[in-house]
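Numbered from 1 within each chain, the chains take letters A, B, ... in sequence-line order. Because the structure is predicted, anything quoted here is derived from the model rather than measured. Any value given below was found using the heavy atoms of this structure, including those in side chains, with hydrogens, waters and symmetry copies removed.
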Amino acid sequence: MPVIERTGVARALEQIASYLDLKGENSFRVRAFTTAARTVEGVSGPLAEALADGSLAKAKGIGPAILEVITELVESGRATLLDELRADVPPGLIEMLDISGLGVAKVRTIHQTLGITTLAELEVAAGDGRLAALPRFGERTAQNVLKGIAFLREASQWRLVHHATDEATALAEALGRVPHVVAVHIAGEVRRRMETVREVIIVLVADVPPEEIFRHLASLPGARGIAGQDERRATLRLAAGTAAQIIVTPPQNLGTVLAQATGSDAHLNALAAHATSRGFTLAGTALWEGSRFVPTPTEESLYHALGLPWIPPELRESGAEVGMPVPRLLERGDLRGFLHCHTTYSDGNNSVAELAAVCRADGYSYLGITDHSRAAAYAGGMQPDDIRRQWDEIDAVNASNPGIRVLKGIESDILVDGSLDYPDDILAGFDFIIGSVHSRFTLSRDEMTDRVCRAMTSPYFTILGHPTGRLLLSREAYPIDLDRVFEVAAREKVAIEINADPHRLDLDWRVLAAARAAGVMISLGCDAHNLAGVSNMTWGVGVARKGGLTRDAVLNCRDAEGFLRFARARRP
DNA sequence: GCCGTTTTCGGCCCGACTGTTTTCAGTCG
């Protein structure tokens, strides 16, 4: 197991950028580290490989100085530059930058005039009036800071699913190499494919008593020691500052232990009640029928003993799923089209041809390119001239027999009045259009709902992108009446996106049933900005499965012609 | 710090909103 993988390296580079920024360093040097972080994040495959074969050294935005930092991080898990910066600038200031509304300038003012170095001190100052009294601060800023700190405190207990999954997978591999471990299963929220994860839980089958396994835990790579243990469970502290629960079971009740470790609590309660109604007792780590021990070596044997079909972990949430028929849930292989990605024409890192090659290798039969529109100036949104150049390029790629069909799309900003970002004669030239809100998040709920609903009435509108604008653990959704959005989308025959970027996962799986009941078609979009982003589809599929979606509910399970028919159906 | 040459250093993304002011600095996407 490598000491640190690309998300860890990217995070370290971002931190270096923040520290340099707070120190008042040249802003272009700061930006160099930020872009390098994004480049690293976009590397497909192991970072050590990209270092060894020289491809990282050749990547845009990676020069000799940053390459040296990355090499040090990959080889030792540390960076001298970062260590020096940490000694120089209080780390609490970096945390303050995550509060929406606080940037480098304001954090520096807070530090220099009030001598504040931690979030806790900042919270006190925001409460007692000292913060509001600073120049160009005010009562509203103080309130926002208090809200921001509360949000951060809550968010700090959670990790995004892709980080948690990386962590769980690496740990599971290491545990698989411990002597006498017979099988390793990832359980908990990661297995249920929750969008955020509080605790990594792993179940081990061993042919020796648990304490013999536990003796090896502290010496695993990335482990920082044991936080606590009983006769069958241990909590392992990890270098990343997180913890993982390790549960050891003999093989004869693996099924019950795995189900218990997977949760959710509501599902287990419903399962236990169902067991009781059938004369069983589901208690702790085993299933009993009266005083007879019922072996459950697999989860299937547990569910079947209770007269139930095996329930996929993604569906084990409210408890209402117990006793219901299990649908054949969407699988990654059902998706024919890859939608929503950005190229170098706006803020993506790769070309049309590069994305086409990766999507083809992933088994897609068509790919919809959707760069930003011109209102998204910060992201290099496309001017009409760029659009024509890109169309020519797409035509050329299609003419070169790439083994995949490339469609001309756009992610058009939904402007504040609900209009799209180009006149109809330009919109008409695209094969399909994703409409998204990227500005003016602070409208009232009614105004935002009107804005989005009005946009969907355009005959060129195909898919509503990331419908609530949330960024998991960092930004709340903007207020919007989703029921009304669903109603209008169904009426206008517009699809709504599940954005598969693990920072978004928007729509939320909890509202998918309502969307389907309203008659809304769902589209899975990756929002890829680089080649690694193509594999984010797995998180979107997780959301779709949690929402109980089957393949006929998903627009890009259709072939290219079927997809285009949907997109063209409302055009004049 | 990186890039792209004009092979040695100048240029690098910006428009609009927010909260503070009463003209604009700072933040955001």
Side-chain angles (χ1 to χ4, degrees), chain A residues 13-14 16-40 56-71 79 81-82 85 96-110 112 126 131-148 342 344-349 371-383 386 411-417 421 436-444 447-448 465-466 468-471 474-478 499 501 503-504 506 527 529:
Chain A
L13 293 171
E14 267 160 26
I16 289 173
S18 297
Y19 278 112
L20 292 172
D21 210 358
L22 280 170
K23 278 188 71 173
E25 276 277 351
N26 178 328
S27 65
F28 295 110
R29 189 180 176 213
V30 173
R31 201 200 295 169
F33 280 95
T34 311
T35 35
R38 273 196 56 186
T39 305
V40 165
L56 192 60
K58 277 191 259 152
K60 215 170 150 232
I62 308 286
I66 290 182
L67 190 66
E68 198 176 312
V69 173
I70 295 173
T71 307
L81 175 60
L82 186 54
L85 287 167
M96 291 177 203
L97 290 176
D98 286 334
I99 297 171
S100 156
L102 291 191
V104 173
K106 282 208 157 81
V107 169
R108 230 183 292 167
T109 305
I110 289 166
Q112 284 164 3
L131 191 67
L134 291 177
R136 297 202 77 84
F137 285 63
E139 194 43 46
R140 215 157 184 163
T141 307
Q143 289 309 314
N144 268 341
V145 164
L146 285 177
K147 255 171 60 187
H342 299 269
T344 49
Y345 278 86
S346 64
D347 60 350
N349 291 358
D371 273 302
H372 284 289
S373 63
R374 60 185 169 186
Y378 64 92
M382 293 204 293
Q383 298 298 329
D386 302 322
E411 182 178 16
S412 172
D413 269 38
I414 297 174
L415 305 179
V416 70
D417 65 353
D421 201 11
S436 304
V437 170
H438 288 120
S439 60
R440 297 297 305 271
F441 295 124
T442 52
L443 298 183
S444 74
E447 288 167 331
M448 187 62 92
H466 46 71
T468 77
R470 76 175 181 187
L471 292 176
S474 77
R475 186 177 73 202
E476 301 270 20
Y478 43 69
N499 188 294
D501 181 329
H503 299 91
R504 294 187 182 272
D506 175 19
D527 213 345
H529 286 75

Which part of the nucleic acid, if any, lies within contact of A:Ala59, taking any heavy atom under 4.0 Å across all strands shown: a base, the sugar-phosphate backbone alone, or nothing?
-> sugar-phosphate

Pick base, sugar-phosphate or nothing for A:Arg140, based on heavy-atom distances below 4.0 Å to the nucleic acid.
-> sugar-phosphate

So, do A:His503 and A:His466 have ring centers that fall under 6.0 Å from each other?
-> no

Have a look at A:Glu139 and say if it touches a base, only the backbone sugar-phosphate, or nothing, with a 4.0 Å heavy-atom cut-off.
-> sugar-phosphate

Is A:Arg374 touching bases, backbone alone, or none of the nucleic acid, heavy atoms closer than 4.0 Å?
-> nothing

How is A:Ser100 classified with respect to the nucleic acid when contacts are heavy atoms under 4.0 Å: base, sugar-phosphate, or nothing?
-> sugar-phosphate

Interatomic distance at P, B:dG11 relative to B:dT5, whole Å | 16 Å

What are the bounds, 5' to 3', of the part of DNA chain B that sits under 4.0 Å from heavy atoms of chain A?
-> B:dG1 to B:dG29

Please measure how far the P atom in B:dT22 lies from the corresponding atom in B:dG26, and state the result in whole Å.
-> 15 Å

Upstream residue (5' side of DNA chain B) when A:Arg440 and A:Leu20 are each assigned their closest nucleotide | A:Leu20

Pairing partner of B:dT8, by Watson-Crick or G-U wobble and under 3.5 Å for both distances, is none

Sorted by number, residues from residues 28-36 of chain A placing a heavy atom under 4.0 Å from DNA chain B are A:Phe28, A:Arg29, A:Arg31, A:Ala32, A:Phe33

Test: A:Arg475 cationic atom under 6.0 Å from A:Phe441 six-membered ring centre, within 45° of axis = yes

Select base, sugar-phosphate, or nothing to describe what A:Pro135 touches, counting heavy atoms under 4.0 Å on all strands.
-> nothing

Side chains of A:Val69 and A:Leu82 in contact at under 4.5 Å (non-hydrogen atoms) = no

Partner set under salt bridge (Lys or Arg N to Asp or Glu O under 4.0 Å) for A:Glu25, not counting sequence neighbours = A:Arg29

Hey, which of these two, A:Ala377 or A:Lys106, hits DNA chain B nearer its 5' end, going by closest nucleotide?
-> A:Ala377

Can you tell me how far P in B:dT20 sits from the matching atom in B:dC28, rounded to whole Å?
-> 14 Å

Are any non-hydrogen side-chain atoms of A:Arg504 and A:Leu471 less than 4.5 angstrom apart?
-> yes

When we call it a touch if two heavy atoms are under 4.0 Å apart, what does A:Ser439 touch: a base, just sugar-phosphate, or nothing?
-> nothing

Can you tell me how far P in B:dC13 sits from the matching atom in B:dG4, rounded to whole Å?
-> 13 Å

B:dT27 and B:dT21, which share atom name P, separated by this distance in whole Å | 15 Å

Keeping the roles fixed (side chain from A:Ser436, backbone from A:Asp413), state whether a donor-acceptor pair exists under 3.5 Å.
-> no

With C1' as the reference atom in both, quote the distance from B:dT8 to B:dG1 in angstrom, rounded to an integer.
-> 16 Å

Heavy atoms, side chains only, cut-off 4.5 Å: are A:Phe137 and A:Lys106 in contact?
-> yes

Polar contact flag, side-chain donor to acceptor under 3.5 angstrom, A:Asp506-A:Thr468 | yes

Look at the aromatic rings of A:His372 and A:His438 and report parallel, tilted or perpendicular, splitting at 30° and 60°.
-> perpendicular

Donor-acceptor pair, A:Glu447 side chain versus A:Ser444 backbone, under 3.5 Å?
-> yes

